[in-house]
Undergrad: 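This is the structure I want to talk about, given as structure tokens.
To find a chain, count down the sequence lines: A is the first, B the second, and so on, and within it residues start at 1.
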Protein chains: 2
Amino acid sequence: MAADSKDRMIRSAYQLFRERGYSGTGFREISAHSGVAKGAVYHHFPAGKADLAEQVIRLAGREVGDLMAAAADGVDPGTLVEGFAAGWAEHVRTHDFAAGCAIAAVVSESQHDAPQLARTAADEFGRWRAILAESLARQGVPSEHAASLATLAVAAVEGAVILARAERATQPLDDIARELRKSFEAAVHGARSAQSK
Amino acid sequence: MAADSKDRMIRSAYQLFRERGYSGTGFREISAHSGVAKGAVYHHFPAGKADLAEQVIRLAGREVGDLMAAAADGVDPGTLVEGFAAGWAEHVRTHDFAAGCAIAAVVSESQHDAPQLARTAADEFGRWRAILAESLARQGVPSEHAASLATLAVAAVEGAVILARAERATQPLDDIARELRKSFEAAVHGARSAQSK
DNA sequence: GTCTATACGAAGATAGAC
DNA sequence: GTCTATCTTCGTATAGAC
């Protein structure tokens, strides 16, 4: 099945990118990991590695974004952002601190060879930010402040994943989870006070 | 001169790692960029690429850490953290959004081949965090809270560099600079209030 | 649509001349 | 201490059989 082979390659690349990055992962490893022959790569991804990387970014963005979107219903912004960070802590810990964010890896390594991938990455990061910002806006936080807090949250989580890998400990993610919750709650509280004036 | 050649190679690797990452940078490019012959690599770095990467992490950590340490004298924590983010924004913008943090790149890519590099990276990140935390502690912020705010700041800046590269805009860094300044000022203000009770 | 085989260059690493 | 030359493995990419 074509779709099955293609999907298995994307999923293998996704996993390997998280562990070794974009340049550090070769087709040889992707082929071995997915069980799909090396030569089949260019059947599914005519433009080569950049083509595959784009689909990996989409998959990574969707996987996290869908979880966030599902969690966003019915919880307050502070709980949402804390869960966002906690989910990454869980991810990093279960992979023994040897896996990070595939999108971040591609952004940091592909700009020279395939600059167009930055747009796809920005698009997926944008969705994460929009989900957080909307959760804040629903509680009355002004949209500009909601947007910059959402950016802070996504940036802090991406950075804390790197710090956690370096330290081989989830503490950086645990710390920022608490701080982000506080910042989100303060913004909601501030919006409520302003409204009741 | 030996030290000169070695230093030039480290500086070239430093620059190339920021643009293309650790795996994406070969000795061929480092040699061409630094003007030092390829074969000389193993004279200066007997353990090879990991050896070189360790020195790159040290250089990157020192360069940023020294700037922060110099700035920390005589300014309040909010101004310090804002300057930290603004410095990175300047860096990313002057490199046309094609360069990020060398330490983050090495952490994200080297864990499989050279796991020991994570310790060096954690060490350098730790210094940045300590400078920020101490600035807060000097203003009376309890050390635990100072530490987690410092972690938030370093994580947010590292993540915002990635977001900025993806978007080809400094806005993520500008946004978190403002938010971090607010968080730092709120912590200092809170510490003052608690002390005057 | 998926495989084997292979092209060609670059990767990291080493040996030995100077 | 720095160079040239070279080894082996792996990189991306292609051609063509089935």
Undergrad: Report all interatomic pairs (protein N or O, nucleotide N or O of nucleotides 10-13 of chain C) with separations under 3.5 Å.
TA:
residue : atom : partner : partner atom : Å
C:dG12  : OP1  : B:Lys49 : NZ           : 2.7
C:dG12  : OP2  : B:Phe27 : N            : 2.8
C:dA13  : OP2  : B:Tyr42 : OH           : 2.5
C:dA13  : OP2  : B:Lys49 : N            : 3.4
C:dA13  : O5'  : B:Tyr42 : OH           : 2.9

Undergrad: Take the C1' atoms of the five end pairs on each side of the helix from C:dG1-D:dC18 to C:dC18-D:dG1, get both axes, and report the angle to 10 degrees.
TA: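 The angle separating the two end axes equals 0°.
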
Undergrad: Can you list everything that forms a side-chain contact (heavy atoms from CB on, under 4.5 Å) with A:Ala71? Sequence neighbours excluded, please.
TA: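 Partners of A:Ala71 by the side-chain contact (heavy atoms from CB on, under 4.5 Å) criterion, ordered by chain and then number, come out as A:Leu80.
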
Undergrad: Can you sort out the partners of A:Lys182 under salt bridge (Lys or Arg N to Asp or Glu O under 4.0 Å), two or more places apart, ordered by chain and number?
TA: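 Salt bridge (Lys or Arg N to Asp or Glu O under 4.0 Å) check on A:Lys182 returns A:Glu179.
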
Undergrad: For the residue pair A:Phe27 and A:Tyr42, is the inter-centroid distance of their aromatic rings smaller than 6.0 Å?
TA: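 Ring centroids of A:Phe27 and A:Tyr42 are less than 6.0 Å from each other.
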
Undergrad: Give the rounded distance in Å between these two atoms: CD of A:Glu109 and C1' of D:dT12.
TA: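 Whole-Å distance recorded here is 16 Å.
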
Undergrad: If a pair satisfies salt bridge (Lys or Arg N to Asp or Glu O under 4.0 Å) and one of its residues is in residues 21-47 of chain A, list it, with sequence neighbours excluded.
TA: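 As it turns out, the salt bridge (Lys or Arg N to Asp or Glu O under 4.0 Å) pairs with a partner in residues 21-47 of chain A, which skip direct neighbours, are A:Arg20-A:Glu29.
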
Undergrad: For B:Asp76, check side-chain contact (heavy atoms from CB on, under 4.5 Å) against everything at least two apart and list the hits.
TA: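 For B:Asp76 the side-chain contact (heavy atoms from CB on, under 4.5 Å) partners, ignoring immediate neighbours, are B:Thr79, B:Arg181, B:Glu185.
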
Undergrad: In this structure, how many angstroms lie between the C1' atom of D:dT12 and the NE2 atom of A:His112, rounded?
TA: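 Computing the A:His112:NE2 to D:dT12:C1' distance gives 16 Å.
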
Undergrad: Sequence neighbours left out, cut at 3.5 Å: what donor-acceptor pairs do the side chains of residues 132-142 of chain B make with other protein atoms?
TA:
residue  : atom : partner  : partner atom : Å
B:Gln139 : OE1  : B:Arg192 : NH2          : 2.7

Undergrad: Atom CG of A:Asp7 and atom P of C:dG1: how far apart are they, to the nearest Å?
TA: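 Taking atom P of C:dG1 as the reference, CG of A:Asp7 is at 16 Å.
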
Undergrad: Per the ring pair (Phe, Tyr, Trp, His ring centres under 6.0 Å) rule, what does the pair list look like for residues 136-193 of chain B, sequence neighbours excluded?
TA: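 Qualifying pairs: none.
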
Undergrad: Using whole Å, what does the distance between atom C1' of nucleotide C:dT2 and atom CZ of A:Phe45 come to?
TA: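 Going from CZ in A:Phe45 over to C1' in C:dT2 covers 14 Å.
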
Undergrad: Could you pull out all residues at least two apart from B:Ala118 that satisfy side-chain contact (heavy atoms from CB on, under 4.5 Å)?
TA: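 With sequence neighbours excluded, B:Ala118 shows a side-chain contact (heavy atoms from CB on, under 4.5 Å) to B:Gln111, given in chain and number order.
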
Undergrad: Between D:dT4, D:dG1, C:dT4, which nucleotide has the shortest distance from any of its atoms to the side chain of B:His43?
TA: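 For the B:His43 side chain, the nearest candidate turns out to be D:dG1.
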
